[in-house]
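Scroll down for the structure; my scribbles are underneath it.
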Amino acid sequence: MSDDIKVDKSLDLKGLACPMPVVKVSKGIKEVEIGQVIAAVTTDPGSLTDFPAWAKTSGNEILKSEQDGNEITFYIQRKS
Amino acid sequence: MDQKTRNELLKLFKSKLNEAMRLYLETCTRCGVCTEACHVYASTGQVKHIAAYRSEIIRRLYKKYFKIRGKLWPSLSESKELTDVALEELFEAAYSCTGCRRCMVYCPFGIDTQMLMSIAKLLLIGANTEPEILTLLADTSVEKGKSIDLFKEGFLQGIKNLEKEVVKKWKAEAGDSVIPVDVMGADILYVALAGAHSIIPAAAIFNAAGENWTLSFFEAVNFGAFVGDPTKTKLILDRIINEALRLKVKEVCICECGTAFRVMKQLSGKQPFKVSSITEVHARYFKEGRIKIDPGKFNTAITYHDPCQLARNAGVMDEPRYILSQMTKDFRDMTPDPTYNWCCGGGGGLVALGDETIDFRMKSARVKADQVKKTEARILATACENCHSQLSDLNDHYKMNVEVKFLSSMIADALVSE
Ligand code: SF4
Ligand code: SF4
């Protein structure tokens, strides 16, 4: 967990099949207020390209991503 | 709906009217042969789920706006006004059709309901009433194509983390790259999905076969095709074509994703590379003796679900059966055979819509569950991500008592060196 970021909602997306990580993160971000942050944990290597591309497309911001073995955590701030 | 919107939608409608489409719109005799052919109707018994009923919604709009008779005598020609209510009907028709084309093989005129539903999907996009998430997924894929250099490093790191798992299944020779990426002049460009399960077994099998391969930066799935947007379908496809051309590969191998394979095979045009599904490549490795497996690994009855987009719509039917004949003495084919196989009920973007469609997906695929149960097999193999997800849901819902497995994972788990 990142100490410097306040997380408002966490999503466990580990082991989900394509395209569920992006589908769930799109839904999840709408469940927090603009400015709030979700932490999404995935095990998909493809999410390292999918999530930044999704953030750009959907107008949200990835504040930080961390890798711990096969687990990748994205801290995403709702912007719109 | 205002006139301006209607005119714009009719322009989109017109853009779809090629010779084949006009033929499909003009030849239905309402013979009813397709009625029982659709798994949705066969499972739910609702008239709105009959293939010809779905098409009739499109056909009536066609008569109203593109046929003289419909323009002059709308009441005589059963023509229909394009209104907001008509759009709702189009949504219902298009997003309850998986595009499996089973109805087409029964229809005496070969009317392609899936193609007709592509008109409905395009009109829904034009009216901004398509499922938003499918467009977002398509846009994400397009964005990746535009900005791949920004994302490359993260991807390479993610891939590196998978190498240990690959080596567990097949020990690479010293000096060999376990998951090669960006290899100029590779024989095969492998296009996977985002998930590790789409990369690890495939990598182990390529390495076991001594293949000169390279992994694509892009995912194979084409959400442009699911949402029915021809422009985005092409942009998503072009990312892979351009990568294949840049690397000068001989063959593009598409992972276990039926739609990705059909789109690549049928829409990539004449290219200097061959397009294969991973199932075809694996069958080839067996035939050429390039991989060996432990034939006793799966000592149980196995059946196979033909993904519609891979089998009925792209002709890959013999290869999975050949592979499974190497893996079990007890292969039990489903009845009816691959051409008439029931759809799993998850195509056309329905699985990607997740929880929203789960009730419908379960109800509309009862006939699939019955078909699987009749085999009394304990493993249900398949070669499509979409089908795998849907079949796993069906397995829970209908207690099919099978283990749903990817064909490629089964091969990777059974690999032996001698
Ligand atoms: S089988 Fe073909 S011609 Fe007969 S009703 Fe169905 S679509 Fe029309
Ligand atoms: S394409 Fe498949 S789902 Fe669609 S109407 Fe025909 S049989 Fe039914």
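On a predicted model such as this, the values are computed, not experimentally measured, just so you know.
The environment of NZ in B/Lys152 is crowded: more than 12 heavy-atom neighbours from other residues, nucleotides or ligands sit within 6.0 Å. For B/Lys160, the NZ atom sits in a loose shell: 12 or fewer heavy atoms of surrounding residues, nucleotides or ligands are nearer than 6.0 Å. B/Glu132 CD: 12 or fewer foreign heavy atoms inside a 6.0 Å radius. A 6.0 Å sphere centred on CG of B/Asp396 holds more than 12 heavy atoms belonging to other residues, nucleotides or ligands.
Note: A/Pro45 leads A/Ala55, A/Gly46, A/Ser58, A/Pro45 in heavy-atom pairs under 4.5 Å with chain B. When each of A/Ala53, A/Pro52, A/Ser65 is scored by its heavy-atom pairs under 4.5 Å with chain B, the top score falls to A/Ala53. The candidate from B/Ser389, B/Ala194, B/Ala192, B/Ser141 with the greatest count of non-hydrogen atom pairs under 4.5 Å with chain A is B/Ala194. Options B/Asn161, B/Leu162, B/Val142 differ in how many heavy-atom pairs under 4.5 Å they form with chain A, and the most are formed by B/Asn161.
Atom-to-atom distance recorded for A/Asp50:CG and B/Glu219:CD is 5.5 Å, nearest 0.5 angstrom. One distance of note links CD of B/Gln157 with CD1 of A/Ile72; it measures 9.5 Å at 0.5 Å rounding. For the atom pair CG (B/Leu137) and CH2 (A/Trp54), the distance works out to 11.0 Å, reported to the nearest 0.5 Å.
The two atoms that bring B/Ser147 and A/Lys56 nearest to each other are OG-NZ, 3.5 Å, heavy atoms only. Taking each heavy atom of A/Thr49 and B/Phe155 in turn, the nearest pair found is CG2-CB, 3.5 Å.
Of all residues spanning residues 195-205 of chain B, those with a heavy atom less than 4.5 Å away from chain A's heavy atoms are B/Gly195, B/Ala196, B/His197, B/Ile199, arranged by number. Residues of residues 348-357 of chain B having a heavy atom under 4.5 Å from any heavy atom of chain A, listed by number: B/Val351, B/Ala352, B/Leu353, B/Gly354, B/Asp355, B/Glu356.
No part of B/Phe218 comes within reach of chain A, as not one of its non-hydrogen atoms sits under 4.5 angstrom from that chain. Heavy-atom distances place no part of B/Glu153 under 4.5 Å from chain A, backbone and side chain included.
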